[in-house]
Amino acid sequence: MQGPNPNTTFPLANYDRLCFLKNIIKNPNIIVGDYTYYDDFEDVHNFEKNVKYHFDFVGDQLIIGKFCMIASDVTFIMNGANHLTDAVSTYPFAIFGHGWEGAMEGKTYPSKGNTVIGNDVWIGHRATIMPGVTVGDGAIIATNATVTKDVPAYAVVGGNPAKVIKMRFSDAEITRLLELQWWDWPLEKITANLGWLTGKEV
């Protein structure tokens, strides 16, 4: 055997609160890699409910890599939550129409782009990821963290706003891991190297 089938919705027998996330996503602007799982205390379909302010007309994407681990109640705030901050009023008049539709003529609401979560990222319970953030491969987001800016690969971050607590490996080891990109290996190679992947030696 070469590991579970990534197209299985519930990979743990008799347990329907952990899913391979890509198999339940309906929104085409949420893209999830193989083997990334989501664990929810109530219902895995809560995931999309926790991607907030993700409006089709904004067009931003939530992109999540392979082999990520996402805990219950993780929230992603998307660009639809952004308001003008340098105008007299922050109120979004234009979206309500009825004579207000021209309020934003020649102007745009602020956007920070797509939210991108790398590969092999662990996001702890009730963490919040703000719009346009990129989380590097191998990073760990602590429980209750509020991530407002990019997270380096293999960093552990926590707090509000989240700050780097420590790096998981040395700079040289991180460079090597990013070169190896083990998450893109064939399943046979991943299976053959499980001892190394669960060990401490880079």
Any side-chain heavy-atom pair of P131 and N82 under 4.5 Å: yes
Check: N79 side chain, D60 main-chain N or O, donor-acceptor pair, under 3.5 Å: no
Spacing of CZ belonging to R176 relative to CG belonging to L178, to within rounding of 0.5 Å: 11.0 Å
Heavy-atom donor-acceptor pair, R168 side chain to V156 backbone, under 3.5 Å: no
Distance in Å, D73 CG paired with T75 OG1, rounded so as to fall on 0.5 Å steps: 7.0 Å
W196 backbone acceptor or donor facing N193 side chain under 3.5 Å: no
In one Ile/Leu/Val/Met/Phe/Trp/Tyr side-chain cluster, 4.5 Å: I129, M69: yes
Short side-chain to backbone donor-acceptor contact, T128 and T146, under 3.5 Å: no
Single-linkage hydrophobic cluster I24~I31, side-chain heavy atoms < 4.5 angstrom: no
Co-membership, hydrophobic cluster, residues I140 and L197, 4.5 Å side-chain: yes
E188 atom CD, over 12 foreign heavy atoms within 6.0 Å: yes
Donor-acceptor pair, side chain of N114 and main chain of G132, under 3.5 angstrom: no
Aromatic ring pairing W182/F67, orientation class (parallel under 30°, perpendicular over 60°, tilted between): tilted
Which atom of T90 lies closest to which atom of H83, heavy atoms considered: O-ND1, 3.0 Å
Pairwise side-chain contact, V133 with K149, heavy-atom cut-off 4.5 Å (strictly under): no
Intermediate values then yes/no, side chain to side chain contact (heavy atoms under 4.5 Å, CB included), V32 and Y37: CA-CA 9 Å; V32 182; Y37 71 76; over 6 Å; no
Near-ring test F10/Y15, centroid separation under 6.0 angstrom: no
CG on D34 to CG on L21, rounded to 0.5 Å: 11.5 Å
L177 vs V202 side-chain heavy atoms within contact, under 4.5 Å: yes
Sub-6.0 Å ring centroid separation between Y154 and F169: yes
Separation of E48 CD from N27 CG (nearest 0.5 Å): 5.5 Å
Least distance between heavy atoms, A145 atom then A162 atom: CB-CB, 4.3 Å
Check against ring pair (Phe, Tyr, Trp, His ring centres under 6.0 Å), F47 and Y38: CA-CA 8 Å; F47 182 86; Y38 173 61; 5.1 Å; yes
Atom of C68, atom of I117 and distance for their closest heavy-atom approach: SG-CG2, 4.3 Å
Check against salt bridge (charged side-chain N to carboxylate O under 4.0 Å, His left out), R17 and D39: CA-CA 6 Å; R17 287 190 248 161; D39 187 21; over 6 Å; no
From OH (Y53) to CE (M78), nearest 0.5 Å: 13.5 Å
Centroid-centroid under 6.0 Å between H54 and F76 rings: no
T85 side chain reached by P110 side chain, heavy atoms, under 4.5 Å: no
Close side-chain approach of D137 and W183, heavy atoms under 4.5 Å: yes
Side chain proximity check, Q61 to I30, heavy atoms < 4.5 angstrom: no
Short side-chain donor-acceptor distance under 3.5 Å, S170 and E173: yes
Flag side-chain contact, heavy atom, 4.5 Å: N23 against N7: yes
Any donor-acceptor pair under 3.5 Å from W122 side chain to G138 backbone: no
Side chain proximity check, I70 to T36, heavy atoms < 4.5 angstrom: yes
From NE2 (H45) to CD1 (I25), nearest 0.5 Å: 9.0 Å
Joint cluster assignment, I63 & F55, ILVMFWY side-chain distance < 4.5 Å: no
E105 atom CD: more than 12 heavy-atom contacts under 6.0 Å: no
Given V116, I64, I141, the one that forms side chain to side chain contact (heavy atoms under 4.5 Å, CB included) with V135: I141
Sidechain-backbone polar pair: H125 side chain, A71 backbone, donor-acceptor under 3.5 Å: no
Exercise: identify the closest heavy-atom pair between C19 and P11: CA-CD, 4.1 Å
Heavy-atom pair of closest approach, residues E42 and D40: N-OD1, 2.7 Å
Minimum heavy-atom distance M104-A94, with the two atoms named: CG-CB, 3.7 Å
Parallel, tilted or perpendicular: rings of W100 and F96 (30°, 60°): perpendicular
